[in-house]
Asker: 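Below is a structure I'd like to ask you about.
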Amino acid sequence: MNAFLSELGKKLAERWVSLLALPGALFTALTAAGSVLGHRDALDWRRLVRAAEDFTAHYDHRPVSAVLLAAVLLGAGAAVGLLARGLGAVVEWVWLMSGPAWLTDRFVRRRRDRWRGVSGADRAALAHARNAIALTLPDRPTWIGDRLRAVGVRVHGQYGLDFPFAWPRLWVLLPDNCRNDLITARDALTGASTQSGWGLLYLSLGTQWWPAALAGAALILVGRRRGREAAANLADLTESAVDLYAADLALSLGVELPSGHVTPALGRQISERLRKGA
């Protein structure tokens, strides 16, 4: 047990350093560099080197102070990392938001108008063009929100299952490899939103040092692209899990499947049972 706890502590420390402390320390260092250079001398690296040399000269013969400074920088970096993750949570909330109506309705109407206004030479072309906007009639202001919402809509249409109530029970039945894939996909979405959170931090630093604004814009754009890819992967894996294991859920609940699969009528019966009057 001691060996296990020791190894667990090492892994947690490694994740803390890689996910929070090091990126945060880099941001802290760039903030210091930006305060020295400003907008006017933003790319004057010689000035930055001179300032760094003057700063480190104070710690040449003060090893204890240097160690304390390094600890402070790591602590500050971890704090900045937590702030980036918090901003990432806000970004993710925006990606998945469904309200309030006064804020989202205009964007939802615009996406619905685009979806309904799509035309194609044949049915396949029409479906492809619409699917690029949303797999179902848009109901969220963002592509990511609609992509994840579409899972529940499509599952209900195909199987009659009320997804929010069926999914927790189905999750218990999934094999470990399937659950691990879903967890990895969910982590990828969180990682993408956190990257955009870092982008927001660098944009704020750009008010003091303009190169940081360029880095911030790039991080936000890349984070958004990664978020779309992660959301699509998570949605596909979730829907696939329902396709493959919905029958197991029914059998686990004692529901017979005369046709060998879950029909909409059986799905509605299962959903009513799982809802328990809710």
Side-chain angles (χ1 to χ4, degrees), residues 88-101 103-105 107-109 111-112 115-116 127 130-131 133-193 227-278:
V90 174
V91 170
E92 185 173 305
W93 177 81
V94 172
W95 286 349
L96 303 178
M97 69 189 301
S98 59
L103 178 61
T104 61
D105 277 0
F107 300 100
V108 173
R109 284 197 300 269
R111 289 175 52 77
R112 284 183 176 179
W115 194 84
R116 288 170 172 152
R130 279 187 167 178
N131 289 347
I133 301 171
L135 295 186
T136 58
L137 180 66
D139 192 64
R140 298 289 188 269
T142 68
W143 185 94
I144 292 177
D146 268 326
R147 184 66 186 88
L148 293 175
R149 173 186 173 273
V151 174
V153 176
R154 288 160 59 85
V155 165
H156 187 270
Q158 182 69 26
Y159 303 109
L161 290 171
D162 193 333
F163 182 77
F165 288 88
W167 179 249
R169 283 79 175 181
L170 185 61
W171 176 263
V172 176
L173 300 177
L174 296 179
D176 289 342
N177 60 337
C178 183
R179 280 189 287 188
N180 290 336
D181 288 343
L182 286 163
I183 292 171
T184 300
R186 183 63 181 87
D187 288 344
L189 182 60
T190 300
S193 62
R228 288 170 66 99
E229 294 173 351
N233 186 40
L234 177 60
D236 287 339
L237 287 173
T238 303
E239 195 168 331
S240 298
V242 178
D243 292 338
L244 295 173
Y245 297 102
D248 291 346
L249 174 63
L251 294 174
S252 296
L253 293 172
V255 178
E256 296 184 0
L257 303 176
S259 61
H261 60 273
V262 178
T263 63
L266 285 175
R268 286 190 289 272
Q269 294 178 17
I270 294 172
S271 296
E272 184 177 353
R273 176 176 173 183
L274 296 179
R275 290 179 66 92
K276 299 181 179 67

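Hydrogens, waters and symmetry mates play no part in the numbers below; they use all other heavy atoms, side chains included. This structure is a prediction, so every number in the text was calculated from the model and none was measured.
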Asker: Which distance, rounded to the nearest 0.5 Å, do you find between the CG of Asn233 and the CZ of Arg147?
Answerer: 9.5 Å

Asker: Looking at Ala134, is its backbone amide N or carbonyl O close enough to the side chain of Arg111 to form a donor-acceptor pair, meaning the two atoms are under 3.5 Å apart?
Answerer: no

Asker: Heavy-atom distance under 4.5 Å between the side chains of Trp167 and Leu161, does that happen here?
Answerer: no

Asker: Measure the CZ-CD1 distance between Arg149 and Ile144 for me, rounded to the nearest 0.5 Å.
Answerer: 16.0 Å

Asker: Heavy-atom distance under 4.5 Å between the side chains of Val262 and Leu249, does that happen here?
Answerer: no

Asker: Taking atom CG of Leu237 and atom CZ of Arg179, what is their separation to the nearest 0.5 Å?
Answerer: 14.5 Å

Asker: Do the side chains of Asp139 and Arg112 get close enough for a salt bridge, i.e. N-O under 4.0 angstrom?
Answerer: yes

Asker: When rounded to the nearest 0.5 angstrom, what distance separates CG in Leu96 from CG in Leu189?
Answerer: 6.5 Å

Asker: Mind listing the closest non-hydrogen atom pair of Ala230 and Ala188 along with its distance?
Answerer: CB-C, 3.8 Å

Asker: With heavy-atom distances below 4.5 Å as the criterion, would you say the side chains of Phe163 and His156 are in contact?
Answerer: no

Asker: Would a 4.5 Å heavy-atom cut-off, applied to side chains only, mark Arg140 and Thr104 as touching?
Answerer: no

Asker: Is the closest side-chain heavy-atom distance between Pro258 and Thr263 below 4.5 Å?
Answerer: no

Asker: Quick one: are Trp95 and Leu148 in side-chain contact, heavy atoms under 4.5 Å?
Answerer: no

Asker: Please give me the minimum heavy-atom distance between Ile133 and Trp143, naming the atom from each residue.
Answerer: O-CD1, 3.2 Å

Asker: Does CD belonging to Glu272 count more than 12 external heavy atoms closer than 6.0 Å?
Answerer: no

Asker: I need the minimum non-hydrogen distance between Val108 and Pro141, along with the two atoms involved.
Answerer: CG2-N, 3.7 Å

Asker: Measure across Gly227 and Ala192 and return the closest heavy-atom pair with its distance rounded to 0.1 Å.
Answerer: N-CB, 3.4 Å

Asker: Closest heavy-atom contact between Trp93 and Gly99?
Answerer: CZ2-O, 4.2 Å

Asker: Distance-only, no hydrogens or angles: does the Thr142 side chain make a donor-acceptor pair with backbone N or O of Met97 under 3.5 Å?
Answerer: no

Asker: Is any side-chain heavy atom of Phe165 less than 4.5 Å from a side-chain heavy atom of Ile270?
Answerer: no

Asker: Using side chain to side chain contact (heavy atoms under 4.5 Å, CB included), reason through Leu137 and Arg116 one step at a time and then give a plain yes or no.
Answerer: CA-CA 8 Å; Leu137 180 66; Arg116 288 170 172 152; 3.8 Å; yes

Asker: Roughly how far, to the nearest 0.5 Å, is the OG1 atom of Thr184 from the CG atom of Leu234?
Answerer: 10.5 Å

Asker: I want to check something: taking the side chain as every heavy atom from C-beta on, are Leu274 and Asp162 in contact at a cut-off of under 4.5 Å?
Answerer: no

Asker: Quick one: closest heavy-atom pair of Ala250 and Leu257, and the distance?
Answerer: CB-CD2, 3.8 Å

Asker: Measure the spacing between OG1 of Thr238 and CZ of Arg186 and express it to the nearest 0.5 Å.
Answerer: 10.0 Å

Asker: Give the intermediate values and the outcome of side chain to side chain contact (heavy atoms under 4.5 Å, CB included) for residues Arg273 and Val255.
Answerer: CA-CA 11 Å; Arg273 176 176 173 183; Val255 178; 4.2 Å; yes

